[in-house]
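Keep in mind that this is a model prediction, so the values were computed, not measured.
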Amino acid sequence: MTREHQGERRGWAAARKGVWSWLRFTSLRLRLVLVFGLVALTAAVSASGIAYWLNREAVLTRTQDAVLRDFEQEMQNRAGALPEHPTQDELQHTAGQMANSSQRFGVLLAAENAAGETVYGSSGGLGGFALSDVPESLRTAVNKEQKVTSANKHAYHLYWQRMSDDGTPYLVAGTRVIGGGPTGYMLKSLEPEAKDLNSLAWSLGIATALALLGSALLAQALATTVLKPVHRLGVAARRLGEGKLDTRLRVSGTDELADLSRTFNSAAENLEKRVADMAGREQASRRFVADMSHELRTPLTALTAVTEVLEEELEYEGEGEGGSFDPMVEPAVRLVVSETRRLNNLVENLMEVTRFDAGTARLVLDDVDVADQITACIDARAWLDAVDLDAARGIHARLDPRRLDVILANLIGNALKHGGSPVRVSVTRADDEIVIRVRDHGPGIPEDVLPHVFDRFYKASASRPRSEGSGLGLSIAMENAHIHGGGITAENSPEGGAVFVLRLPQDPSPPVDDDAGDDAHGGDGEGSAGDGSRGKDAKGRA
């Protein structure tokens with residue numbers, strides 16, 4: 001992958017993160033608007049519903065009372081003036097007169113003529129108001145004679161009912177003339193009142209919509225007022241998380257948000273002081289380790305020269321050509337040689353760790369054939385007989401050869417030292433990564449050790465605090481993988497043994513210094529993962 005493509009991916013990731021942050025911020029604003037809108041909608045609908053119901057009852061009751069009062073008066077005045085056995089023409093004429101009252105309702109009169117036949121007179125003629133238009137329940141109630149008592153002074157009463165025909169509301173009523181006479185029915189259309197109520201409903205609906213819109217605008221304005229300080233607080237918190245510890249909020253007002261801003265500023269100030277104090281202590285500690293390592297290199301150089309001479313003498317004596325070491329002194333000399341070499345490796349590792357901690361480690365990238373690099377690492381350490389390599393040539397990547405050699409030396413050396421042979425190294429390409437697997441055939445890594453194999457100075461067995469390893473090899477390998485933009489994982493193979501998986505991008509893009517002068521320490525094959533915990537030593541096969 002080219003650097004341009006990586007830049008595009010990072011830009012897209014940053015843009016997506018910004019959009020997601022905006023959406024999260026907007027969702028809170030949206031929730032506030034929705035809550036305000038729901039409250040306003042509930043209040044408006046409730047008020048409109050109550051107002052509509054009250055006005056509807058008032059309008060219908062007023063109209064109904066006026067119509068029934070007029071009808072009852074017409075029945076007493078006009079229908080009551082009819083003879084006991086009126087003719088159909090008389091009924092027709094009287095119904096027409098009654099219909100011409102101020103309320104303009106339809107009238108149907110029913111009575112028995114002199115021949116004992118039931119005759120009808122309707123205000124609308126033959127095609128007007130008919131008996132079939134009156135509900136049967138109402139006719140039954142009108143014609144039912146009730147017992148006259150002190151509480152009920154009349155045998156017949158006025159009854160009414162609201163009904164609907166083809167969507168048009170009507171008021172229908174009926175009664176009989178007191179003292180004997182025709183039965184009268186009245187039909188009044190309530191369509192004008194229904195139109196008025198519909199107009200009222202539309203008006204209330206429009207008022208509700210305007211109230212909802214107004215509440216949404218008010219909620220938006222209020223949300224902006226409330227969330228603006230919260231947004232500033234979020235931006236300040238992100239800046240603080242990015243390491244800009246001098247970030248502060250402008251405080252205005254005396255409300256809860258102002259108190260929150262003051263608390264944030266106080267916390268940021270305390271954090272800045274603590275981080276500055278810790279940074280000073282860490283810098284002093286790094287300087288101490290670096291200075292100590294540099295100071296140790298001078299005497300170690302002299303000690304190394306002396307131990308090399310002593311080692312040559314030991315080899316000369318071992319060849320049977322005569323030596324100058326007393327048999328009682330020889331073990332001490334071998335111990336001095338071994339521990340001097342171990343101390344020299346420890347100092348080199350400490351200096352490398354100091355570079356990583358100080359952030360001065362840089363990559364010197366080159367086009368590397370991974371298979372050739374692994375072969376060179378194995379051959380330089382005489383591990384050819386103990387390592388099986390499964391890597392096809394032609395897998396290229398832009399890597400730092402020296403740091404890759406450090407990683408490979410530590411992983412393979414750790415497998416040889418603490419695992420079982422043969423150690424198998426395989427190389428594959430996955431997407432834009434190079435995957436290198438180092439597997440041994442030892443007992444594997446204990447489950448309680450796995451989370452700590454890359455920790456500095458970690459030793460798997462407390463009963464063996466002294467070993468050739470310093471506990472820094474795998475940690476340094478991990479740091480070198482990270483600076484490439486990759487990583488290392490450790491696990492146990494289901495078939496036995498431990499597996500270390502190194503993943504490196506084919507074209508890393510961390511800071512690169514082509515003229516870097518720091519030396520990537522060549523790994524000695526030691527590792528902190530399994531000192532004293534992973535079986536036999538493979539050194540003798542190298």
Validation row: V499, V501 side chains within 4.5 angstrom (heavy atoms):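 When only atoms from C-beta onward are counted, V501 and V499 do touch, with a gap below 4.5 Å.
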Below 4.5 Å, heavy atoms only, C-beta onward: do H452 and D455 meet side chain to side chain?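 Yes. Closest side-chain heavy atoms under 4.5 Å.
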Would you compute the distance between atom [atom1] of [X] and atom [atom2] of [Y] and round it to the nearest 0.5 angstrom?
X	Y	atom1	atom2	result
L474	N410	CG	CG	6.5 Å
R424	D390	CZ	CG	4.5 Å
L408	T375	CG	OG1	10.0 Å
L404	I436	CG	CD1	5.5 Å
S215	L41	OG	CG	8.0 Å
D379	D372	CG	CG	11.5 Å

[X] bridged to [Y] by N-O distance under 4.0 Å:
X	Y	answer
R238	E242	no
D432	R503	no
R274	D277	no
R248	E272	yes

Can you name the nearest heavy-atom pair linking [X] to [Y], along with the distance?
X	Y	answer
A392	A371	O-CB, 3.8 Å
A490	V453	CB-CG2, 3.9 Å
A477	I407	O-CG1, 3.7 Å
S475	F454	CB-O, 3.6 Å
A397	I434	CB-CG1, 4.0 Å
V364	D400	N-OD2, 2.9 Å

For P422, is there any backbone N or O sitting under 3.5 Å from a side-chain donor or acceptor partner on H441?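 Yes.
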Side chain to side chain contact (heavy atoms under 4.5 Å, CB included) between N414 and F500: does it pass, once the steps are laid out? CA-CA 10 Å; N414 184 75; F500 285 83; 3.9 Å; yes
Could you check V425, I488, L502 and say which one makes a side chain to side chain contact (heavy atoms under 4.5 Å, CB included) with V438?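 In the set V425, I488, L502, the residue that makes a side chain to side chain contact (heavy atoms under 4.5 Å, CB included) with V438 is V425.
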